[in-house]
Number of protein chains: 2
Amino acid sequence: MKLTTKGRFAVTAMLDLALHEAKGAADARPVTLAGISERQSISLSYLEQLFSRLRRQGLVNSVRGPGGGYKLAKPQAEISVSQIISAVDELIDATQCGGQENCRDEGRCMTHDLWATLNNKILDYLAGVSLADMVAAQNSGQKISMQPRVCHSDKAKLEAVSA
Amino acid sequence: MKLTTKGRFAVTAMLDLALHEAKGAADARPVTLAGISERQSISLSYLEQLFSRLRRQGLVNSVRGPGGGYKLAKPQAEISVSQIISAVDELIDATQCGGQENCRDEGRCMTHDLWATLNNKILDYLAGVSLADMVAAQNSGQKISMQPRVCHSDKAKLEAVSA
DNA sequence: TAATAGTTGACTAAAGTTATCAAGTATTAT
DNA sequence: ATAATACTTGATAACTTTAGTCAACTATTA
């Protein structure tokens, strides 16, 4: 899971799409990239690239011609943030050694387990947040803090770090 | 929190440093970057750049001249992975809008809360893993899976995503 | 029916930023 | 002095983002 601005742009765009699709009831008309570009201040060219991938990954459908645009290919509840990011930001292999072959001598690149575990945590969280969740949060003005899976957050350590 | 290969290199190098410092008992002699470079296959030039930042952040001390090198500036238990990453990979502001000013119209860039929450989760995990933890895991041959804070991991969703 | 315009789809390339590496300079133990 | 080593600066490569071109498709309308 690679976390870059690219993935964030994609999520933002998809959320914009979801919001404007929801607005027009059930079978709304497609949303144009030009509209998303304007509303979210993302360059049209970049959006075209991103949606090209989102389409190939089956997350959106396209409609050509006037009145055309993009529509979500699945119900909002079935599209997770992790899917969106994975679609545009081909997942980086967190272990830098592919499988486990070309690792260093002393026990397979050492940090391997750290990144693998972290990767799972990130995926776990992002897979649990769907477009529907974000739309709901957006409409109700609430913050998104899905499934509080974390048992205790250990504020002390966090503050020591961010200082 | 930005997660790139840069941060991973830094953690790997710091772990190497910790391992070789621990080996030579209490007040061991400094570890040279040339040694880390050879053992971990990281270019010397790159290591120099990384340690320059680690030094400025107070995570390591340097000793110049022959027999010189770097030493940890604090006990291994007090150096967390998140500190290392933050030192070299100046934390990206996950919200793309700095504070909350130049966000889009319709309620401050929408994805704001998502990234903020994710950021905390990542920080929470990485702040809980110290060099001492990793050294211990390395010596005992165990995997690192610190503080099992996650209550349930929801395998089904994860598999659906990675597929 | 045909022309027009709005829109995606597939490229190429250029500008800007970041990551990585290489070479030279300063410092100090011997 | 000399050599080992940290430090500093500059150059190269890779990635991200924006820009531009042209083709294909389709709703609208004259």
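Chain letters run A, B, ... following the sequence lines, proteins first, then strands; residues in each count from 1.
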M14(A) side chain reached by V60(A) side chain, heavy atoms, under 4.5 Å: yes
Sugar-phosphate only, base, or nothing, as touched by Y70(B) at under 4.0 Å among non-hydrogen atoms: sugar-phosphate
By side-chain hydrogen bond (donor to acceptor under 3.5 Å, both in side chains) - contacts of R55(B) (at least two apart): none
Axis-to-axis angle between the two ends of the helix from dT1(C)-dA30(D) to dT30(C)-dA1(D) (five base pairs per end, rounded to 10 degrees): 10°
Point-to-point distance, once rounded to the nearest 0.5 Å, from NZ of K71(A) to CG of N61(A): 8.0 Å
All side-chain hydrogen bond (donor to acceptor under 3.5 Å, both in side chains) counterparts of S52(A), not counting sequence neighbours: R56(A)
Test item: V63(B) and R29(B) side chains (from C-beta on) under 4.5 Å apart, heavy atoms: no
Euclidean distance, atom CZ of residue R8(B) to atom C1' of dT20(C) [Å, nearest integer]: 15 Å
Value in whole Å for how far the C1' atom of dC21(C) lies from CD of Q40(B): 18 Å
Residue list, side chain to side chain contact (heavy atoms under 4.5 Å, CB included) with A132(A), at least two apart or on another chain: Q76(A), A77(A), S130(A)
Listed nucleotide nearest any side-chain atom of R56(B), set dA6(D), dT20(C), dT8(D): dT8(D)
Value in whole Å for how far the P atom of dA4(D) lies from CZ of R29(B): 14 Å
Pairwise 5' ranking along DNA chain D for V31(B) and G7(A), keeping only the more 5' one: V31(B)
Provide a list of protein-nucleic acid N or O atom pairs under 3.5 angstrom, restricted to nucleotides 19-26 of chain D.
from	atom 1	to	atom 2	distance (Å)
dA19(D)	N7	S45(A)	OG	3.0
dA24(D)	N3	R64(A)	NH2	3.2

Summary of ring pair (Phe, Tyr, Trp, His ring centres under 6.0 Å) pairs that have at least one residue in residues 62-83 of chain A, sequence neighbours excluded: F51(A)-Y70(A)
Nucleotide dA19(C), atom C1' - distance to CZ of F9(B) in whole Å: 10 Å
With sequence neighbours excluded, residues passing side chain to side chain contact (heavy atoms under 4.5 Å, CB included) with S43(A): S45(A), Y46(A)
Atom pair distance, as rounded to whole Å: NZ in K6(B) and C1' in dT20(C): 9 Å
Residue-phosphate contact under 4.0 Å: T32(A) side-chain N/O, dG6(C) OP1/OP2: no
Whole-Å gap separating P (dA4(D)) and CD1 (I36(B)): 19 Å
Gap between atoms CG and C1', on D89(B) and dA19(C) respectively (whole Å): 10 Å
Distance in angstrom units between R53(A) CZ and dG9(C) P, rounded: 15 Å
K6(B) side chain reached by Q49(B) side chain, heavy atoms, under 4.5 Å: yes
